[in-house]
Amino acid sequence: MPLKSLENKLDMIEVLKNMSEACYFLNSDYEFVFINKAAEPYLKELFFERTKEELIGTKVCDVNPKYIDTEIDTIYHKAYEEQKPQVFEMISEYSKFWFEVKLFPNINGIFVTFSDITDRKEREKQKQRYEKLNLIGVMAAGVAHEVRNPMTTVKGFLQLMAENEELKKHKPIFDLMIYEVNRVNDILTEFLDIAKDKPEKLEEYNLNELIKSILPLLETRALKEGKSVDLHLSNIADLLIDKNEIRQLLLNLINNSLDAMNAGKKVQIMTYEEKNKIVLSIMDEGKGIPSDIIEDITIPFVTTKDKGTGLGIPICFSIAKRNNAKIDYTSSPEGTTFNIRFSK
Ligand SMILES: Nc1ncnc2c1ncn2[C@@H]1O[C@H](COP(=O)(O)OP(=O)(O)O)[C@@H](O)[C@H]1O
Ligand SMILES: [Mg+2]
């Protein structure tokens with residue numbers, strides 16, 4: 001081999017070893033013959049903590065017999081036997097990472113690259129959630145709007161009758177009916193808010209100020225119930241937000257946290273900067289979101305509370321969307337955390 005071309009080959013191997021994309025090479029017997037640095041941690045995870053040294057020279061199916069005759073196994077065979085590149089996506093059972101795997105066969109085996117697409121998958125899921133929410137929102141907003149008008153008429157007459165001398169002895173009943181009509185109206189108003197797609201009024205505002213301004217309100221409730229609200233606010237830049245909407249979002253989330261916690265527990269509100277985002281975290285020590293509704297809390301009317309409306313979380317998602325923020329959440333029986341990431 002001419003010296004120049006050998007040098008090029010050596011260069012190529014160095015590049016493969018050190019490139020940020022994870023890759024490995026399987027020979028025609030599906031044995032590992034090359035594993036680059038980026039691939040090591042992932043393979044360790046997929047193959048029971050095996051190191052690169054332990055994997056080289058072994059067959060994929062010997063290390064993890066679970067792969068035999070699976071769809072993934074078939075794709076590898078198809079790639080090599082038909083000499084056709086293949087692409088597929090897989091999720092790691094252990095860490096729940098999503099990978100995109102690309103197979104490039106040649107006569108000596110298969111060159112495999114794989115990249116972590118967990119973020120993309122998460123975004124797709126988020127998008128589906130929003131789409132579902134939008135559809136329900138648009139349909140139901142039409143109905144809600146139509147219901148509100150006749151309710152105004154009913155309320156007007158009830159108020160008149162409540163003041164009527166002849167009907168005086170029924171006043172408590174009229175008052176109750178008016179109270180219930182108001183409640184329906186409030187629910188409809190909240191519900192219609194979900195379908196809004198633009199913030200009312202954007203202004204430069206600091207999230208920390210907003211949090212501090214609603215603290216007395218929250219503390220009053222927390223104190224009464226023997227719970228506490230802790231702030232951990234770091235220096236953050238101002239954001240372009242609709243402050244009334246973000247106040248609503250904070251109240252909805254923190255009230256949910258207080259609802260979920262027993263006396264003696266605390267909810268922590270944090271703000272911090274992260275790359276080009278400002279993050280607001282609300283972390284509680286409540287009983288966690290019940291697992292049967294955890295995927296559905298963004299859908300209107302999903303609630304586990306007797307007096308709940310199931311509109312709090314859908315409204316938060318809708319507000320976040322209008323204010324250039326994204327929400328994610330995790331929950332366990334030890335507590336729930338909501339993260340709201342605002343784009344700076
Ligand atoms: N921080 C939390 N801890 C535990 N469960 C929660 C939390 N936030 C929301 N949930 C669950 O999600 C449901 C929906 O919340 P939400 O949309 O605010 O409606 P509501 O509070 O009226 O029930 C709640 O009924 C509750 O079961
Ligand atoms: Mg709520």
Side-chain angles (χ1 to χ4, degrees), residues 125-126 128-137 140-141 144 179-180 182-196 211 214-215 217-222 224-232 244-271 279-323 325-341:
K125 213 164 109 191
Q126 183 95 286
Q128 279 171 2
R129 254 189 225 154
Y130 280 131
E131 275 167 6
K132 206 150 95 184
L133 188 66
N134 272 345
L135 183 67
I136 299 172
Y179 170 83
E180 295 292 1
N182 281 338
R183 198 170 129 75
V184 172
N185 260 329
D186 288 348
I187 295 176
L188 292 178
T189 308
E190 275 188 34
F191 184 63
L192 285 167
D193 278 351
I194 303 178
K196 272 204 241 153
I211 295 169
I214 59 164
L215 188 64
L217 191 68
L218 297 166
E219 276 185 326
T220 310
R221 172 175 174 194
K224 232 191 263 168
E225 301 175 2
K227 305 163 189 173
S228 57
V229 182
D230 285 5
L231 303 189
H232 306 274
N244 288 329
E245 291 196 330
I246 302 303
R247 182 179 294 123
Q248 181 74 51
L249 173 141
L250 280 161
L251 288 173
N252 287 1
L253 293 179
I254 301 165
N255 276 321
N256 276 347
S257 288
L258 291 169
D259 288 345
M261 297 192 315
N262 291 325
K265 303 284 184 186
K266 68 170 181 288
V267 48
Q268 305 189 67
I269 307 169
M270 267 163 279
T271 55
V279 190
L280 162 69
S281 285
I282 295 163
M283 194 191 284
D284 69 48
E285 300 173 346
K287 57 182 189 289
I289 305 172
S291 57
D292 56 332
I293 60 157
I294 192 157
E295 294 280 324
D296 295 329
I297 56 167
T298 56
I299 300 172
F301 306 117
V302 172
T303 180
T304 53
K305 300 172 194 167
D306 287 345
K307 284 238 155 92
T309 58
L311 291 175
I313 302 281
I315 287 175
C316 290
F317 272 76
S318 161
I319 290 176
K321 191 179 169 201
R322 292 199 288 274
N323 286 270
K326 287 255 153 71
I327 302 184
D328 64 72
Y329 56 94
T330 52
S331 190
S332 79
E334 278 72 54
T336 302
T337 302
F338 275 84
N339 295 309
I340 302 96
R341 292 192 161 75

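Whatever order the structure lists ligands and atoms in, that order sets their numbers, starting from 1. In what follows, residues are counted from 1 in the order of the sequence shown.
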For A260, counting its heavy atoms only, list the atoms of ligand 1 lying under 4.0 Å from any of them.
-> 3 (N), 4 (C)

Quick one: does L253 get within less than 4.0 Å of ligand 1, heavy atoms only?
-> no

Quick one: closest heavy-atom pair of I293 and T304, and the distance?
-> CD1-CG2, 3.7 Å

Does the K321 side chain pair with the main chain of K326, one donor and one acceptor, at a distance under 3.5 Å?
-> no

Atom indices of ligand 1 within 4.0 angstrom of P314 heavy atoms, with elements = 17 (O)

Output the list of atoms in ligand 1 that are nearer than 4.0 Å to some heavy atom of I297, sorted by atom number.
-> 12 (O)

Within the distance-only criterion (no hydrogens, no angle test), does the side chain of Y329 pair as donor or acceptor with the backbone N or O of I294 below 3.5 angstrom?
-> yes

Contact (N/O only, under 3.5 Å) between G312 and ligand 1 | yes

shortest atom 21 (O) of ligand 1-to-protein heavy-atom contact is with K305 NZ, 2.7 Å

Salt bridge or not for D284 and K265, using N-O below 4.0 Å?
-> no

Check each atom of ligand 1 against the heavy atoms of G308 and keep those under 4.0 Å away; list them by number with element.
-> 22 (O)

When you check the gap from the basic side-chain N to the acidic O, do K125 and D328 get nearer than 4.0 Å?
-> no

Just wondering, is there an N, O or S atom on T303 that's nearer than 2.8 Å to the Mg ion (ligand 2)?
-> no

With a cut-off of 4.0 Å, which atoms of ligand 1 are near a heavy atom of V302?
-> 13 (C), 14 (C)

Any donor-acceptor pair under 3.5 Å linking the side chain of E285 with the backbone of K266?
-> yes

May I ask you to identify, for L311, whether its side chain, its backbone, both or neither come under 4.0 Å of ligand 1 on a heavy-atom basis?
-> backbone

Which ligand 1 atoms does G288 reach within 4.0 Å, using its non-hydrogen atoms?
-> 4 (C), 5 (N)

Polar side chain donor-acceptor pair, N252 to Q248, under 3.5 angstrom | yes

For atom 9 (C) of ligand 1, find the nearest protein heavy atom and state the residue, atom name and distance (0.1 Å precision).
-> N256 ND2, 3.6 Å

Go through the steps to decide whether R221 and N255 satisfy the test side-chain contact (heavy atoms from CB on, under 4.5 Å), and finish with yes or no.
-> CA-CA 9 Å; R221 172 175 174 194; N255 276 321; 3.0 Å; yes

Among all protein heavy atoms, pick out the one at the shortest distance from atom 23 (O) of ligand 1; state its residue, atom name and that distance to 0.1 Å.
-> T303 OG1, 2.5 Å

min-distance protein heavy atom vs atom 15 (O) of ligand 1 -> I313 CG1, 3.5 Å

Those atoms of ligand 1 less than 4.0 Å from some heavy atom in T309 | 22 (O)

Quick one: does G310 get within less than 4.0 Å of ligand 1, heavy atoms only?
-> yes

Residue portion contacting ligand 1 (non-hydrogen atoms closer than 4.0 Å) for T304 = both

Please determine if D259 has a nitrogen or oxygen closer than 3.5 Å to a nitrogen or oxygen of ligand 1.
-> no

